[in-house]
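I have placed the structure first, in the form of structure tokens, so that the comments after it can refer back to it.
We name chains A, B, ... by the order of the sequence lines, and we start the count at 1 in each one.
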Amino acid sequence: MQVRICDLSPPGHIRTPKYLRGKTGVIERVLGRFQSPEQRAYALPAPEKQLYRVRFSMAELWGDGAEAPEDTLDAEIYEHWIEGGDHAA
Amino acid sequence: MPHDHHDHDGLSPSGHPYRVDNDAPLSYWQTMEIAIRELMIEKGEITAAQVASQIDAMDARSPANGAQVVARAWTDPDFKAALLKDATKATREMGFDIGPMNLVAVENTKDVHNVIVCTLCSCYPRNLLGLPPDWYKTREYRSRTVKEPRKVLAEFGVVLPDSVTCRVHDSTADMRYIVLPARPDGTDGMSAEALAKLVTRDAMIGTGLPKSREP
């Protein structure tokens, strides 16, 4: 399934690196539900959220600057960072 | 002769340069860690012996643990399937105390080469392999591996042919990663114990390949 990562820059502890924001990838696997470290970092209530592994092509991430466009990068992305996902904290 | 000189050209009597003392002032975070640790000990939450025992437990973990896992995957197809499906469960069932760590194993084949990085900090499967190498935590490794992995790998001596897809894994959240390297050619019939000796730490990060069989 193709997904786009939210292009947001909220303050605080976040686990979606800048270079992935606004980029489109495919879900490589569903990892299960985990308490978001973005809340846990502040000892805030952290309901479990779905965590995905999303695979991006290097062409998508780096455009013409990609070293090898077909190579890939996988990262763990929480559902609240996926457009259309559950954004409730 | 250099050994006859004393304090000459900044060299020690052995002829080597003096090393700078490893005594930089404590950083803000180091000071905070010490303060919290001492407070917790004072208040009876933990003991100094418990802290020491956790440090010992971490120092006892080493890449040799991961090498055993890899060697078993090379020799036991059922275990390999279980490892690729759920590395957390497979390594626990093999007897390793990996604590609460969630582990994912990614397989190198003739068409795919995997490499692990953590751009945000230094996430590493410590509970299996022990502490990461210092270079793994450098900004240079972390920033370059996601942008130009082939160049970085070449600097480690791993030159990927164009026919091989490079897959980079950025450990951004709750998973930790181990590369299952491809079994080296010419190792048919070797025992898991002997094979484990060929598996290096870097082979499990993806910045290296297993050693060849001793001639």
Next item on the list: Kindly compute the distance separating CD1 (B:Ile205) from CG (B:Asn114), expressed to the nearest 0.5 Å.
Entry: 13.5 Å
Note to self: I need the B:Asp111 CG to B:Arg167 CZ distance, nearest 0.5 Å.
What the structure shows: 10.0 Å
Next item on the list: Give the intermediate values and the outcome of salt bridge (charged side-chain N to carboxylate O under 4.0 Å, His left out) for residues A:Arg4 and A:Glu60.
Entry: CA-CA 11 Å; A:Arg4 185 169 184 267; A:Glu60 167 70 8; over 6 Å; no
Item checked: Pairs of heavy atoms under 4.5 Å with chain B: top-ranked of A:Leu20, A:Leu61, A:Leu31, A:Ile77 -> A:Leu31
Checklist line | Interchain contact, B:Thr165 with chain A, by part (heavy-atom threshold 4.5 Å) | finding: both
Check: Given that the side chain runs from C-beta out, which part of B:Val104 has a heavy atom under 4.5 Å from chain A: side chain, backbone, both or neither?
Finding: side chain
Margin query: I need the full list of ring-ring contact (aromatic ring centres under 6.0 Å, His included) pairs touching residues 82-138 of chain B, with sequence neighbours left out, sorted by first then second residue.
Written below: B:Tyr124-B:Tyr136, B:Trp135-B:Tyr141, B:Trp135-B:Phe156, B:Tyr136-B:Tyr141
Check: Would B:Lys80 count as a cation-pi partner of B:Trp74, with NZ or CZ less than 6.0 Å from the six-membered ring centre and within 45° of the ring normal?
Finding: no
Item checked: Under 4.5 Å from a heavy atom of chain B, the part of A:Pro37 involved -> side chain
Item checked: Contacting region of A:Phe56 [heavy-atom separation from chain B under 4.5 Å] -> neither
Notebook entry, point to check: Based on non-hydrogen pairs under 4.5 Å, which of B:Leu120, B:Asp162, B:Asn102, B:Val146 is most in contact with chain A?
Noted result: B:Val146
